[in-house]
Structure formats: C-alpha cells, structure tokens
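Quick one: the structure is below, and I'll ask about it shortly.
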Amino acid sequence: MGVALRDIIKDYRQETDLEEMRGVVAVDAFNALYQFLSIIRQPDGTPLMDRDGRVTSHLSGLFFRNVNFLEKGVRPVYVFDGAPPELKSTTIEKRREVRDAAGEAWKEALARGDQEEAYKQARASAKIDAAMISSAKRLLALMGIPCVQAPSEGEAQAAFMAQRGDVGAAASQDYDALLFGAPHLVRNLTISGKRKMRGRTVTVRPETYDLQSVLDGLSITREGLVEIGILVGTDFNPGIRGVGAKTALKIVQKGMFAETISEKAPEFDPGPIRRFFLDPPVTEDYRLTWESPARDGIVEMLCEEYAFSEGRVESALERLGMKTGQKTLDAWF
DNA sequence: CCGGGGGA
DNA sequence: TCCCCCGGG
C-alpha cells in the first residue's frame with residue numbers, strides 16, 4: 001500500500017503520456033506484477049489461466065505492456081524485491097489476512113451469483129507466488145529486458161539506480177520511492193489506458209513527480225518527507241492515530257516531529273525506520289543491457305507452454321521489428 | 001492489462 | 001479514425 005502522501009503531493013503531479021516517457025525507467029517488478037494480476041481478470045474474477053490451471057494474467061500483462069514500452073522507446077528494467085526487512089512483518093501478516101478474507105468473500109459472492117462483488121474480492125485476493133515471479137523473470141530474459149535483484153526493497157533499489165543516473169525514474173504506484181530518494185517517480189506507467197470504473201470509462205495516464213519540486217514546494221527536506229511518512233504510517237510502522245498527511249506536514253514544518261512522537265507514541269522508536277528510508281540496503285551489482293527479443297523462445301514459452309494465441313503473440317512481436325527511432329534513450333527530465 | 005472486430 | 005465491446009489463457 002505504501003505511504004499515504006497523496007493529499008500533500010498531488011499538487012506536484014505532472015500528467016503525461018507513454019509516448020513522452022521514452023528513456024530508461026526502473027519498474028518495481030512486484031508492484032507491476034501485482035497490478036497485472038489484479039486487473040487482468042474475467043468479470044467473475046477468474047484470472048487468465050493455461051490448460052493446466054496455471055495463472056497467466058501476469059505474463060499477458062507483462063508481455064503486451066513491454067511490447068508497447070519498447071515500441072515507444074521506453075526501456076524498462078525490472079527490479080525485484082529481495083528479502084523483506086523484519087520491520088515489515090506486521091504489514092505482511094496483515095496483508096495476508098486481508099487477502100485470505102477476500103478469497104473467502106470471492107467464493108461467497110460467486111455462490112450468490114454476485115458478479116460485481118466477486119470481481120472486487122477476486123482482485124483483493126490477488127497473490128504473487130514464486131512460480132509467477134520465476135515465469136516473469138524468464139519472459140523478461142527472453143524479451144531481452146534486464147532484471148535487477150534487490151537485496152531488500154525493490155523501491156529502494158530503484159531509487160538508488162535513479163539517484164546514480166542509471167535510470168531516469170522509478171516506476172511504482174507507491175510514493176515510497178520518493179522517501180527512498182528517487183529524484184523522479186512515475187505512477188500509472190504499467191496501468192495507463194482506458195478503464196471502466198463504476199460504469200464510467202476513465203483514462204488513466206502516467207504521472208510523474210519530481211522529488212526536488214515536492215521538497216521545495218512543501219519547504220521540507222527529504223528527511224522531513226520521511227518524518228511525514230512515519231507520522232502517517234508506512235509499510236514499517238502503523239503511524240500516529242489521527243494524523244494524516246496534512247497534519248503531518250504541519251508538524252514537520254514546525255520541527256515538532258520528535259515532540260509529537262514522544263507525546264503520542266512514547267514507546268515508539270522511529271530511528272530504525274528513518275534509517276531504513278535514508279540508507280536502505282541496495283546493490284551496485286547490476287548491468288543494464290537490452291537485447292533484441294528472442295522471438296522463437298517467446299513463442300515457445302507463451303504459446304506452447306502457456307497456451308497463448310500464436311497469432312496475437314506474433315503480431316505483437318512483429319511491431320518490434322519494424323519500428324524505427326529506437327535510438328531515443330535520452331532522459332526526459 | 002491487451003488486440004481485434006464491427007459499427008458510427 | 002474513433003470508440004465500444006468482447007474474449008484472451
């Protein structure tokens with residue numbers, strides 16, 4: 001879920017289009033897979049599956065979206081999470097409970113014949129498992145797209161790569177990458193397009209955030225932004241009851257972070273969380289190279305192994321070959 | 001999420 | 001050319 005900073009950050013959002021996003025971008029892989037798995041479903045909530053019942057929604061999303069990326073000059077690198085920090089265990093456990101409950105509610109809704117509710121609960125029950133991660137990595141390798149294995153949080157690694165200038169931005173739905181110091185964040189990169197929400201169709205466009213503009217605009221430092229996160233709650237702490245983003249901003253602007261913590265949550269030590277955001281485990285051990293897609297390997301994997309339609313896969317691959325202007329990898333900021 | 005087909 | 005709807009695996 002990340003950190004709920006929307007209320008104070010939304011003024012610094014810049015809407016854009018995929019076409020404008022040409023360049024190298026570090027995608028939070030887990031976040032992207034989760035979104036594909038959550039969104040690519042039938043009206044009753046059933047995900048796409050091959051003949052053996054293995055889920056393929058994440059592969060479909062990943063494949064077609066990457067073709068679009070490459071075609072438009074976006075060069076993605078997928079950053080996979082490593083072992084989660086101990087600080088995250090409460091959040092992980094809570095999410096598991098919510099997911100399990102949604103799985104039950106999905107079954108019940110199906111039994112009642114309530115499609116809309118079934119779809120909603122199915123989405124909330126989405127769970128990325130080890131098989132999905134390894135099949136995703138295999139597909140990315142076949143597409144010639146680099147992967148990076150983060151030692152800990154993928155967003156921290158993506159932020160590190162963006163700080164070094166190896167990528168132009170970190171792509172994730174969560175704002176955490178900003179707390180980890182990413183100079184540029186892109187939301188909605190993997191889900192942009194037309195979508196139906198309660199009957200109405202809305203267009204979801206990529207949106208970028210510039211860390212320096214946010215900090216300047218709010219008159220705070222990155223440390224202050226981290227403090228705001230800690231006050232409203234992160235994946236690593238529950239936050240202070242009754243304190244939302246706007247209140248947290250005021251507290252931090254007045255330099256009242258420490259006082260507020262000792263008053264409202266005297267038992268809580270924010271030190272470890274602050275340090276985790278400011279100096280997270282990351283690795284320099286990665287190499288970013290994009291190869292041309294292995295057509296035969298992709299067809300073999302997707303069509304023979306996972307029952308994708310050969311016509312669809314091949315016509316998508318076709319678009320990659322004949323596209324010019326591949327040489328536009330300059331940063332866009 | 002995606003592409004494709006058919007209708008406007 | 002655009003848009004909506006459908007089925008994908």
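Here is the naming used below: chain letters follow the sequence lines, and residue numbers restart at 1 for every chain.
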To the nearest Å, give me how far apart CD (A/Glu71) and P (B/dC2) are.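 Distance check: A/Glu71 CD to B/dC2 P gives 12 Å.
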
Roughly how many Å is it from CZ in A/Arg319 to P in B/dG4, rounded to a whole number?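 In whole Å, B/dG4 P lies 7 Å from A/Arg319 CZ.
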
Can you tell me how far CD of A/Glu284 sits from CG of A/Asp166, rounded to the nearest 0.5 angstrom?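 If I round to the nearest 0.5 Å, the distance is 9.5 Å.
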
pair A/Leu288-A/Val167: side-chain heavy atoms closer than 4.5 Å: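 In short, these two side chains touch, coming nearer than 4.5 Å.
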
Between A/Asp50 and A/Arg54, is there a salt bridge with N-O shorter than 4.0 Å?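 Looking at A/Arg54 and A/Asp50, the cut-off is met.
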
At 4.0 Å (heavy atoms only), tell me whether A/Gln42 reaches a base, stays on the sugar-phosphate, or touches nothing.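 Base contact.
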
Rounding to a whole Å, what distance do you find between A/Leu189:CG and B/dC2:P?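 The distance from CG of A/Leu189 to P of B/dC2 comes to 11 Å, rounded to the nearest Å.
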
Integer-rounded Å distance: C/dG8 C1' and A/Arg65 CZ: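 A/Arg65 atom CZ is separated from C/dG8 atom C1' by 17 Å.
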
To the nearest 0.5 angstrom, please state how far the OG1 atom of A/Thr190 sits from the CZ atom of A/Arg65.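 Spacing of OG1 (A/Thr190) from CZ (A/Arg65) equals 6.5 Å.
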
With a 4.0 Å limit, can you tell me whether A/Arg51 has a side-chain N or O closer than that to the phosphate oxygens OP1/OP2 of C/dG9?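 For C/dG9, neither OP1 nor OP2 has a side-chain N or O of A/Arg51 closer than 4.0 Å.
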
Once you apply a heavy-atom cut-off of 4.0 Å, does A/Ser309 come out as touching a base, just sugar-phosphate, or nothing?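 Sugar-phosphate contact only - A/Ser309 comes under 4.0 Å of backbone atoms but never of a base.
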
So A/Ile39, base contact, sugar-phosphate only, or nothing? Heavy-atom distance under 4.0 Å.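 Result for A/Ile39 = base.
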
Contact class for A/Arg312 (heavy atom, under 4.0 Å): base, sugar-phosphate, or nothing?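 Base, at least one base atom sits under 4.0 Å.
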
Could you tell me the separation between the CG atom of A/Asp44 and the P atom of C/dG9, rounded to a whole number of Å?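 Going from A/Asp44 (CG) to C/dG9 (P), I get 17 Å.
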
Keeping the roles fixed (side chain from A/Thr46, backbone from A/Gln42), state whether a donor-acceptor pair exists under 3.5 Å.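 No, the answer is negative, given that no donor and acceptor are paired below the 3.5 Å cut-off.
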
For A/Ser315, answer base if it contacts any base atom (sugar-phosphate contacts may also be present), sugar-phosphate if it contacts only those atoms, and nothing otherwise; contact means non-hydrogen atoms under 4.0 Å.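 Counting heavy atoms under 4.0 Å across all strands, the contact made by A/Ser315 is with sugar-phosphate only.
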
Tell me the interatomic distance from A/Phe64, atom CZ, to C/dG9, atom C1', rounded to whole angstroms.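 So the CZ-C1' distance, A/Phe64 to C/dG9, works out to 10 Å.
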
Roughly, in whole Å, what's the span from NE2 in A/His58 to C1' in C/dG8?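 My rounded result for the distance is 15 Å.
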
Measure from NZ on A/Lys194 to P on C/dC6 and round the result to the nearest Å.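 Answer to the nearest Å: 18 Å.
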
Can you check whether A/Asn68 has a side-chain N or O nearer than 4.0 Å to OP1 or OP2 of B/dG3?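 A/Asn68 to B/dG3 OP1/OP2: side-chain N or O found under 4.0 Å.
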
If only side-chain N and O atoms of A/Arg41 are considered, is one of them under 4.0 Å from the OP1 or OP2 phosphate oxygen of C/dG9?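 No, because none of the side-chain N or O atoms of A/Arg41 sits under 4.0 Å from OP1 or OP2 of C/dG9.
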
